[in-house]
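Worksheet: one structure, shown below.
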Amino acid sequence: MTAAAIGADAPRRVVGGSIRRSRRWALITSYFFLILFAIFFLVPPYYQLATATKTSEQISNQDTNPWLPAMSAGQEGLNPGGANAGKANLAKIKKDSWLPAAVQGFMANISQLMNDTDFPIYFRNTAIVTVCVVIITMVIAVPAAFSLGRMKFWGSGVLATGVFLTYLVPDSLLFIPLFKVVGGLGLLDSYWGLVLVYPTLTVPFCTWIMIGYFQSIPKELDEAALIDGANHIQMLFRIFIPVALPGLIAATIFAFTVSWAAFVYPMAFIYSSDQLVLTAGTITSLVKADVYQWGMIMTAALLAAAPPLVIYAFLMDYYIAGLTAGATKG
Amino acid sequence: MANVALRKVVKKYDRTEAVRGIDLDIADKEFIVLVGPSGCGKSTTLRMIAGLEEVTDGEILIGGDLVNDVPPKDRDIAMVFQNYALYPHMTVYENMSFGLRLKKFPKAEIKSRVDHAAGILGITELLERRPRQLSGGQRQRVAMGRAIVRNPRVFLFDEPLSNLDAKLRVQMRTEIKKVHQTVKTTTVYVTHDQIEAMTLADRVVVMNAGTIEQLGTPHDLYHTPRTKFVAGFIGSPAMNFVNCKLVEAAGGGLSTRLGNGLTFKVPPDRTQRYKSHVGRELLFGLRPEHITEPRGDLRPDCQEFDVTLDVVEPMGMETMVYFMVEDTEVCGRVNPASAGAPGQPMRLVAELGNMHLIDPQTEAVI
């Protein structure tokens with residue numbers, strides 16, 4: 001065939017599916033499901049927020065739409081259980097009438113929560129417990145994961161699986177025996193009891209995550225460090241922890257979330273208001289018999305959810321970044 | 001600077017023997033290459049010298065000291081890994097100085113050593129970068145730099161060029177040779193690439209199935225292989241092996257009968273060597289580079305023969321021609337200008353001065 005003849009032949013179109021079309025369909029499908037999921041997960045927080053702007057009277061008013069935030073300022077003093085200090089603050093906020101009614105209502109709820117309930121104490125207790133638990137978890141889980149993941153010794157594989165299996169026992173099953181343990185140690189009705197108990201949930205799982213991270217680091221890296229003259233401690237602190245930082249942060253976030261949001265243990269082990277943490281405290285103090293102070297419950301829930309949210313937002317980049325890039329060929 | 005000695009070194013994993021009692025003496029400043037197919041025990045041997053694998057039996061001596069139970073850090077060795085094994089969170093400078101910093105060297109000393117090594121390797125301008133910002137060749141240089149700054153008694157290289165592309169591999173090969181000529185440290189280098197072995201080594205150790213097949217200079221291994229394995233492993237394309245029968249030639253002397261009516265006369269100087277094997281079925285070995293097109297006058301140890309070409313592979317500077325002798329494919333290396341076309345007859349010359357006869361039972365070269 002001559003060059004002219006080749007040129008004369010127009011390229012034949014292949015009838016049927018095209019790459020572009022199938023890609024568009026893939027995109028449409030993924031957007032559909034992503035939007036569906038977004039709605040599914042965002043509706044509860046929205047409802048929470050909408051409810052948090054209202055007084056109990058507004059919430060129980062059948063004439064307003066429960067899906068919309070407060071449209072008019074609630075009437076002073078109608079929140080049952082509101083103490084005098086709270087009322088004074090409420091009055092102050094009401095004076096700043098240039099604010100939208102919803103913001104006013106939300107601030108009134110916050111103010112009442114801060115002044116009339118033990119919410120600040122719960123918040124402080126939760127923070128103390130969480131920080132302690134995260135530290136304890138890391139101190140135990142990192143060396144455990146390092147030894148289980150990197151040093152081959154007799155039974156290390158079985159041990160690693162065993163660690164994970166302990167995580168699979170639910171806390172609703174463990175709290176009864178743990179009640180005896182905590183009681184025996186004299187730590188019942190003290191948040192230090194929680195500091196002791198939460199690591200039973202966090203350590204196994206964090207160890208498991210970290211084992212995976214440590215194992216993903218090429219073995220030549222510790223051999224190089226070994227030849228460079230590092231001992232195991234130096235290897236852990238100068239090579240493995242920096243390289244496995246994303247895994248470390250993932251584990252930290254997990255430990256933080258677990259101890260921040262734990263409900264069964266504080267509910268079972270703690271009964272004094274000054275020792276309670278956010279989860280159990282909010283429920284016990286804002287639900288009195290059959291009176292639910294929904295506005296404040298929702299406000300408390302939103303405030304309690306804020307710290308994990310902030311931490312996720314800041315550490316997400318670390319969480320995703322792969323620091324091992326460049327260590328070996330790749 | 002030190003010599004390295006292996007005495008009946010054995011390595012067993014559970015029941016499989018990876019290294020089966022090898023003896024090896026490496027002189028001070030020598031560049032030794034361990035070469036062999038994968039699973040031959042070369043890397044295991046290197047790792048035992050490094051102290052990364054325990055020795056099951058036998059002795060390893062570095063500079064005369066028995067180091068069997070000495071941890072890697074106290075053996076005064078440096079190792080370069082196939083995948084570089086750079087610390088990803090450290091800059092090049094920190095990577096190279098890590099060992100010295102662990103040993104608490106003074107800062108000024110560390111700096112001068114790193115600068116010196118970086119100068120040798122041409123990576124001075126990369127010192128502040130992190131490994132992920134470097135190309136493969138640069139990473140390999142840094143890995144070498146990390147070894148050089150330590151100023152160790154022995155350098156160990158574990159297939160350092162395997163991850164590089166072909167062009168870079170040739171370049172880095174020269175680089176490694178240059179570095180060795182500069183620092184003159186005893187070097188043990190593991191590769192599966194026989195060309196790397198030939199070009200780099202003072203002496204090559206060919207390993208197979210956990211034992212040393214042959215130890216010698218690249219020249220020795222190429223010209224006087226002791227076994228069929230070495231003969232076939234060294235050289236590219238590999239040596240041709242054809243079944244043959246050694247017979248008394250009509251006009252005196254010996255000849256090899258190859259099949260297809262092809263008979264090669266054994267050069268007279270080999271008659272004595274092969275005499276006791278007359279009448280036996282043997283393997284005839286001849287490298288492709290010793291099967292060429294006729295070039296002017298025929299030397300006395302050469303013999304012309306005619307074949308029908310099967311495949312012709314032009315390589316640019318030369319052309320590979322393939323033809324069948326009985327059911328064995330044989331390769332020749334000819335001048336591109338004289339190569340025929342597939343299916344065409346061609347006259348070739350066998351340089352029989354370079355032939356080998358191999359005992360098929362023992363696989364030893366006779």
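The chains referred to below are lettered A, B, ... by the order of the sequence lines, with proteins before strands, and numbering in each begins at 1.
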Does the pair B:L134 and B:V92 meet the rule for a side chain to side chain contact (heavy atoms under 4.5 Å, CB included), with working shown? CA-CA 9 Å; B:L134 304 178; B:V92 168; 3.7 Å; yes
Is it the case that atom NZ in B:K12 sees more than 12 heavy atoms from other parts of the structure closer than 6.0 Å?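 No - once you tally the heavy atoms of other residues, nucleotides and ligands closer than 6.0 Å, there are 12 at most.
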Hey, is CZ on A:F237 packed in by over 12 heavy atoms from elsewhere, all under 6.0 Å?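 Atom CZ in A:F237 is not crowded, with 12 or fewer foreign heavy atoms closer than 6.0 Å.
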Contact class of B:R75 relative to chain A, heavy atoms under 4.5 angstrom: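 Interface part for B:R75: neither.
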Could you tell me which portion of B:A143 (side chain, backbone, both or neither) has an atom closer than 4.5 angstrom to a non-hydrogen atom of chain A? neither
The interface call for A:E223 against chain B, heavy-atom contacts under 4.5 Å, is both
Would you call the rings of B:Y189 and B:F157 parallel, tilted or perpendicular, taking 30° and 60° as the class edges?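 Because their plane-to-plane angle lies in the 30° to 60° range, the rings of B:Y189 and B:F157 count as tilted.
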Max heavy-atom pair count under 4.5 Å with chain A, selected residue of B:R130, B:Q133, B:R47: B:R47
With a 3.5 Å cut-off and no angle check, do the side chains of A:T257 and A:Y312 form a donor-acceptor pair?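 A pair is found: one side chain offers a donor N or O, the other an acceptor, under 3.5 Å apart.
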Verify whether one side chain among B:D158 and B:Q82 offers a donor that lies under 3.5 Å from an acceptor in the other. no
Assess whether a salt bridge exists between B:E17 and B:K11, defined as any Lys/Arg side-chain N lying under 4.0 Å from an Asp/Glu carboxylate O.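 Judged by the 4.0 Å cut-off on N to carboxylate O distance, B:E17 and B:K11 do not form a salt bridge.
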Looking at A:L226, A:N231, A:D222, A:D228, which makes the most heavy-atom pairs under 4.5 Å with chain B?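 The residue among A:L226, A:N231, A:D222, A:D228 with the greatest pair count is A:D228.
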Residue by residue, which of residues 98-128 of chain B have a heavy atom closer than 4.5 Å to a heavy atom belonging to chain A? B:F98, B:G99, B:R101, B:L102, B:K103
Please check if the side chain of B:K184 supplies one atom and the backbone of B:V179 the other of a donor-acceptor pair under 3.5 Å.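 No; zero donor-acceptor contacts below 3.5 Å.
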